[in-house]
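The next block holds one structure in the form of structure tokens; read it before the comments.
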Amino acid sequence: MNRPSAPAPAPVLPGPLPGPLVGTDWLAPRLGTPGLVVFDASVGTHRNLPHRIPGAWPFDLDGRLSDHTSPLPHTMPGTTALTEELRALGLHDTDTVVVYDGAGIHSSARAWWMLRALGFDRAAVLDGGLPAWTAAGLPLDPRPPRYTGPRGDLTARPRPHLLADSTRVAAALADPDAAVLDARTPGRFAGTAPEPRPGLRGGHMPGALNLPFGDLLDDTGRMRPPADLRAHFTTLAGPRRTLLLTCGSGVTACVLALAAHLSGYTDTTVYDGSWTEWGGPSNLPVVAPPADRR
């Protein structure tokens, strides 16, 4: 007589996120369960990688999820446009979102911050991103990320204070209770290394402090422990609890925003235009090597 087959194990439902950062050990057993959305927010060369986490949908920061009517790259779309794009990707108010990227922790933090700025808090970044997933021997899908399902019902509850313009940055630079932290490399911050975008001045904002986003990651590309992160921020910002974060185009500043959130900071803002705006031809002040002052 044939024995009855054992029932399949019940899927692990998403449940509440443990925080804004989750590991592969949290995501892997929940992959494919209802209510869990995985977004691939890779940019640049990582946007066209030949594999992805199974079931991932595209959070295309180089495409439709940035405002291409702006002359600045990776500009946050307006509330209506961004809500429409996310609804078209099937996102519901009740979904739980995990965002990753092909570099590790890079552009995924930008997607996480954009969701927060739209008022959606049920999102986390995958620690270590696709490299960590691959290193763990977890399954990969060779097809590009795409979504062809029904529309979602996402409701926008915008938080415009999470993104700053140049006027607000100038005010923060003059505020003794605020710290402006720049996520670019030391060479770009000092103006001794070339900017990757043509036409930009080299150097940094007067009064800004340099915290390269890579310093917040360990040798495996994962976020450092919260105590280490806090040490990086307090070394630069001291007792100041208001942080304004900037970078080249508003992407890696969000890595700083994620690290600040993990460190317990609650008053953080990202400069959306970042150095592409500030360092462009304008009257905005720049601290630069003598040969580059113009």
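The salt bridge (Lys or Arg N to Asp or Glu O under 4.0 Å) contacts involving residues 270-287 comprise Arg110-Asp272, where partners must be two or more places apart or lie in separate chains. Within the structure, no pair that satisfies the salt bridge (Lys or Arg N to Asp or Glu O under 4.0 Å) test touches residues 245-259, not counting sequence neighbours. Evaluation of the salt bridge (Lys or Arg N to Asp or Glu O under 4.0 Å) test over residues 160-172, restricted to residues two or more places apart or in two chains, returns none. Within the structure, the salt bridge (Lys or Arg N to Asp or Glu O under 4.0 Å) test picks out no pair touching residues 230-252 (sequence neighbours left out).
A donor-acceptor pair is defined here as one N or O able to donate and one able to accept, closer than 3.5 Å; such a pair exists between the side chain of Trp133 and the backbone of Pro139. Remark: the backbone N or O of His106 is paired with a side-chain donor or acceptor of Asp101 at under 3.5 angstrom. Between the Arg122 side chain and the Val97 main chain, no donor and acceptor come within less than 3.5 Å of each other. Checked by atom type and distance alone, the side chain of Tyr100 never pairs as donor or acceptor with a backbone atom of Ala56 at under 3.5 Å. A side-chain donor-acceptor contact under 3.5 Å links Thr235 to the backbone of Ala231. Counting only distance, with no hydrogens or angles, the side chain of Ser108 and the backbone of Ile105 share no donor-acceptor pair below 3.5 Å. Without hydrogens or angle criteria, Ser70 side chain to Leu72 main chain gives a donor-acceptor distance under 3.5 Å. Without hydrogens or angle criteria, Arg30 side chain to Trp26 main chain gives a donor-acceptor distance under 3.5 Å. The main-chain N or O of Leu61 is found under 3.5 Å from a side-chain atom of Ser66 such that the two form a donor-acceptor pair.
With 3.5 Å as the limit, one finds no donor-acceptor pair spanning the side chains of Arg184 and Thr246. Between Thr155 and Asp93, the side chains place a donor N or O and an acceptor N or O closer than 3.5 Å (distance only, hydrogens not considered).
Contact detail for Phe189 and His204: the closest heavy-atom pair is O-ND1, 2.8 Å. The heavy-atom pair separating Trp278 from Arg201 by the smallest distance is O-NH2, 2.8 Å. The two atoms that bring Cys247 and Asp182 nearest to each other are CA-OD1, 4.0 Å, heavy atoms only. Smallest separation of non-hydrogen atoms from Leu163 and Ala117: CD1-CB, 4.3 Å.
The ring pair (Phe, Tyr, Trp, His ring centres under 6.0 Å) with Phe59 is formed by just one residue from the set Phe39, Tyr147, Trp113; it is Phe39.
With sequence neighbours left out, the ring-ring contact (aromatic ring centres under 6.0 Å, His included) criterion links His261 to Trp112. Applying the side-chain hydrogen bond (donor to acceptor under 3.5 Å, both in side chains) rule to Ser249 yields the partners His74, Arg197; only residues at least two apart in sequence or on another chain are considered.
With a 4.5 Å cut-off on side-chain heavy atoms, Leu89 and Leu154 do not count as touching. Side-chain contact between Thr24 and Leu126 is present, with heavy atoms from C-beta onward closer than 4.5 Å.
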Could you go step by step and tell me if Leu217 and Arg222 meet the side-chain contact (heavy atoms from CB on, under 4.5 Å) rule? CA-CA 5 Å; Leu217 308 177; Arg222 293 173 174 83; over 6 Å; no
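A salt bridge links Arg159 to Asp121: one of the charged nitrogens lies within less than 4.0 Å of a carboxylate oxygen. Contact check on Arg224 versus Asp215 returns no salt bridge, with no Lys/Arg side-chain nitrogen under 4.0 Å from an Asp/Glu carboxylate oxygen.
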